K.L.:
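Provided herewith is a single structure, encoded as structure tokens, for subsequent inquiry.
For the numbers below, each heavy atom of this structure counts, side chains included, while hydrogens, waters and symmetry mates do not. For ligands, and for the atoms within them, numbers begin at 1 and follow the listed sequence. All figures in this text were calculated on a predicted structure; none of them were measured in a lab. Here, residue 1 is the first one in the sequence, and each next residue gets the next number.
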Amino acid sequence: MSQNIQLKNPHLEGMPSDYLYHLAINVPDTKNTSDIQKQFGDVRVICTGGTAIRMLELAKYLGKLLGVQDTSEPVDMCAKGHRYALYKVGPVICVSHGVGSSTFSVVLHELLKLVHYARCQDPIFLRIGTCGGIGVTPGTVVVTKDAFNGLLRNEHEIAILGERVVRPAQFPESVIKDILAYGGRPDDGFQIISGNTMGTDCFYEGQGRTDGAICEYTAEDKMKFLHKCHDLGIRNIEMEASFFASVTQKIGVKAGDICVTLLNRLDGDQVNAEKKEEFEHRPFLVVGRYIQHLLKK
Ligand SMILES: O=P(O)(O)O[C@@H]1C[C@H](O)[C@@H](CO)O1
Ligand SMILES: O=c1cc[nH]c(=O)[nH]1
């Protein structure tokens, strides 16, 4: 039986209205959300990713792939908020989240409330991103299993009311299995693998780079760290995985993190802009086929 998601906040019950500030979406009456249901009630998949342009391109790609009737250019439904972009194509929304878990956190809380008010049935949250690989060929698509934080722990840690709160950070096996089974094809010309992912709070020192504005360790220390990550099964590094896994796991909503590696960090730190252009759309193929499979169910 399909289900609306249950949020983990008893205070929401006592709120007559709710303004999703960064999305610029108003819920004037939380007990009667028929307008929001009309607009978003059919949403089955919430795709997220760092940049607005990637999300627009993904929306256009999925619109064609899924045969969505409306062929006009998708419109940013959250433009008024000036923070994030949200495009809707049929039962899929594509939403930008910025760099790192702090910006992602804001929009993910609001998206979870949005799908709750819209009474979306069994929504699945996906992140379609870029990352640095560890010991894998650049251009490989990695589907995250366990998400590690920058302390090399398979958990996410945040400060709440002045206290450290630590939450587990795993993605559901069923989602990983289906993405691998339906997403990849041998003739795609790139590999798709599952592996653990480290989500850091910093692109430079947090990821063991030696090309930031500050670096107080040696090149040997860096390599030792990257090899330690590899020994833990970590095959890619980005900046959202542990947060994303922990929040979706806490709410009990299905989620998956699908990222393409732009470089092999065992070979260097600098990202090559041409490689980014070449590789950035690879996860679209994977996610597109997975969504086709989901919508057939
Ligand atoms: O989805 P994107 O490509 O933004 O993901 C990674 C992790 C950070 O957000 C960012 C750092 O360059 O790229
Ligand atoms: O090395 C990389 C590349 C992309 N995104 C990251 O967070 N790290």
Side-chain angles (χ1 to χ4, degrees), residues 46-59 61 83-87 93-108 111 125-144 147-150 152 156 169 171 190 195-213 215 219 222-223 225-227 229-230 234-245 247-248 255-284 286-287:
I46 299 90
C47 293
T48 64
T51 66
I53 182 72
R54 188 189 310 145
M55 291 302 104
L56 175 60
E57 287 169 356
L58 179 63
Y61 174 78
R83 296 280 188 182
Y84 302 96
L86 185 156
Y87 303 98
I93 54 174
C94 300
V95 191
S96 65
H97 62 59
V99 172
S101 56
S102 60
T103 63
F104 194 9
S105 159
V106 174
V107 76
L108 188 57
L111 286 170
F125 284 72
L126 302 173
R127 188 180 113 69
I128 294 96
T130 64
C131 60
I134 307 184
V136 296
T137 310
T140 300
V141 172
V142 182
V143 183
T144 304
F148 285 65
N149 63 13
L152 297 183
H156 184 70
F171 289 101
F190 59 87
N196 298 335
T197 299
M198 177 165 66
T200 66
D201 291 330
C202 168
F203 182 82
Y204 290 98
E205 292 169 283
Q207 298 189 4
R209 282 188 153 79
T210 53
D211 62 348
C215 181
K222 161 188 143 174
M223 292 311 288
F225 170 70
L226 292 176
H227 283 291
C229 292
H230 193 268
I234 295 173
R235 294 294 175 266
N236 66 333
I237 313 177
E238 40 87 286
M239 299 178 67
E240 291 83 10
S242 64
F243 158 76
F244 184 37
V247 169
T248 48
D257 196 1
I258 305 103
C259 293
V260 66
T261 62
L262 300 182
L263 72 167
N264 179 359
R265 289 295 314 290
L266 300 180
D267 294 337
D269 293 342
Q270 291 265 300
V271 177
N272 174 318
E274 281 160 26
K275 291 284 175 212
K276 178 182 168 286
E277 287 307 307
E278 184 186 340
F279 297 151
E280 194 174 3
H281 298 100
R282 288 184 175 183
F284 288 18
V286 174
V287 162

K.L.:
Compare every heavy atom of S101 with every heavy atom of F243, then report the nearest pair and how far apart it is.
P.N.:
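Shortest heavy-atom contact: CB-CB, 3.3 Å.
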
K.L.:
Show me which atoms of ligand 1 lie under 4.0 Å from any heavy atom of G129.
P.N.:
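Answer for ligand 1: 1 (O).
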
K.L.:
Count the heavy atoms of every other residue, nucleotide or ligand shown that sit under 6.0 Å from CG of D269, and state whether that count exceeds 12.
P.N.:
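Enclosed.
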
K.L.:
Among all protein non-hydrogen atoms, which one is nearest to atom 13 (O) of ligand 1, and what is the separation to 0.1 Å?
P.N.:
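The closest one turns out to be T130 OG1, 3.4 Å.
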
K.L.:
Give me the nearest non-hydrogen protein atom to atom 5 (O) of ligand 1 as residue plus atom name, then the distance to 0.1 Å.
P.N.:
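Closest protein heavy atom to atom 5 (O) of ligand 1: R127 NH2, 3.2 Å.
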
K.L.:
Considering heavy atoms of the protein only, find what lies nearest to atom 11 (C) of ligand 1 and give residue, atom and distance to 0.1 Å.
P.N.:
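Protein heavy atom with the smallest distance to atom 11 (C) of ligand 1: F203 CD1, 3.7 Å.
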
K.L.:
Looking at ligand 1, is there an atom of it that comes within less than 4.0 Å of some heavy atom belonging to C131?
P.N.:
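No, C131 has no heavy atoms under 4.0 Å from ligand 1.
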
K.L.:
With a cutoff of 4.0 Å, is E280 in contact with ligand 1, counting heavy atoms of the residue only?
P.N.:
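The answer is no: ligand 1 sits nowhere under 4.0 Å from a heavy atom of E280.
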
K.L.:
Answer yes or no: are there more than 12 heavy-atom neighbours, outside K222 itself, under 6.0 Å from its atom NZ?
P.N.:
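Result for NZ/K222: enclosed.
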
K.L.:
Determine the sole option in V271, T51, L262, N236 for which the side-chain contact (heavy atoms from CB on, under 4.5 Å) test with T130 is passed.
P.N.:
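Option passing the side-chain contact (heavy atoms from CB on, under 4.5 Å) with T130: L262.
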
K.L.:
Which residues satisfy the side-chain hydrogen bond (donor to acceptor under 3.5 Å, both in side chains) test with H281, sequence neighbours excluded?
P.N.:
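For H281, the residues satisfying side-chain hydrogen bond (donor to acceptor under 3.5 Å, both in side chains) (neighbours in sequence not counted) are E57.
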
K.L.:
Number the atoms of ligand 1 from 1 as they appear, then name those within less than 4.0 Å of a heavy atom of G100, with their elements.
P.N.:
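Those qualifying, in numeric order: 9 (O).
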
K.L.:
Of the listed options (R54, Q207, E238), which comes nearest to atom 2 (P) of ligand 1 when hydrogens are ignored and any heavy atom counts?
P.N.:
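That would be R54.
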
K.L.:
Could you please spell out the steps behind the side chain to side chain donor-acceptor pair (under 3.5 Å) verdict for Q207 and T200?
P.N.:
CA-CA 7 Å; Q207 298 189 4; T200 66; 3.2 Å; yes

K.L.:
Is there a donor-acceptor contact under 3.5 Å from the side chain of T103 to the main chain of H97?
P.N.:
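Yes, the answer is positive, given that a donor and an acceptor are paired below the 3.5 Å cut-off.
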
K.L.:
Are more than 12 heavy atoms, taken from residues, nucleotides or ligands other than R209, located less than 6.0 Å from that residue's CZ atom?
P.N.:
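It does: R209 CZ has more than 12 such atoms within range.
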
K.L.:
Measuring centre to centre across the rings, with the benzene-like ring taken for any Trp, is F244 within less than 6.0 Å of F125?
P.N.:
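No, too far apart.
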
K.L.:
Considering residues at least two apart in sequence or located in another chain, which fulfil the side-chain hydrogen bond (donor to acceptor under 3.5 Å, both in side chains) criterion with K276?
P.N.:
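Counting only residues at least two positions away or on another chain, K276 forms a side-chain hydrogen bond (donor to acceptor under 3.5 Å, both in side chains) with E280.
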
K.L.:
With sequence neighbours excluded, what pairs up with F148 under the ring-ring contact (aromatic ring centres under 6.0 Å, His included) test?
P.N.:
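Scan of F148 (ring-ring contact (aromatic ring centres under 6.0 Å, His included), adjacent residues dropped) gives none.
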
K.L.:
Would G50 count as a polar contact of ligand 1, with the cut-off being nitrogen or oxygen pairs under 3.5 Å?
P.N.:
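Between G50 and ligand 1 (N or O atoms, distance only) the closest approach is under 3.5 Å.
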
K.L.:
Could you please provide the protein residues found below 4.0 Å of ligand 2 on a heavy-atom basis, arranged by chain and number?
P.N.:
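Shell around ligand 2 (4.0 Å, heavy atoms): T130, C131, G132, F203, Q207, R209, I237, E238, M239, L263.
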
K.L.:
Suppose we measure from atom 7 (C) of ligand 1 to each protein heavy atom; which comes out shortest, and what is that distance?
P.N.:
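Checking every protein heavy atom, the shortest distance to atom 7 (C) of ligand 1 gives E240 OE1, 3.4 Å.
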
